[in-house]
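All remarks here apply to the structure that follows.
These numbers come from a predicted model, not from an experiment.
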Amino acid sequence: MSIPNVKRYRITSPDGTQTASLMAVLPKDVDVTAYLSDAAKRFDWKGHAEAQQKQFKIRVGQQKQKKAK
């Protein structure tokens, strides 16, 4: 079951090198750009970068070899 009225927004880091997606339910009379700029400032960019590196970690070492027939 999903939450109604959830919208997905894409925020960028203050230095402009990273992007992240943010899902939020905002009230009707809210300035969306002000909310997103505040959220981008408060976002944990260092933790996000570390999580991305762990997700795409490259295995180093002996790989499984195919048996030649």
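Taking both residues in full, the closest heavy atoms of Thr19 and His48 are given as O-NE2, 3.5 Å, listed atom of the first, atom of the second, then distance. Minimum heavy-atom separation, Ser37 to Ala34: OG-O, 2.9 Å.
Under the side chain to side chain donor-acceptor pair (under 3.5 Å) criterion, Arg42 pairs with Asp38, not counting sequence neighbours. By the side chain to side chain donor-acceptor pair (under 3.5 Å) test, Asp15 pairs with Ser13, Thr17, sequence neighbours left out. Residues satisfying the side-chain contact (heavy atoms from CB on, under 4.5 Å) criterion with Asp44, sequence neighbours excluded, are Lys46.
Judged purely by atom type and a 3.5 angstrom limit, Trp45 uses its side chain to pair as donor or acceptor with the backbone of Ala40.
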Scan the side chains in residues 21-30 for donor-acceptor partners under 3.5 Å anywhere in the protein, sequence neighbours excluded, and list what turns up.
none

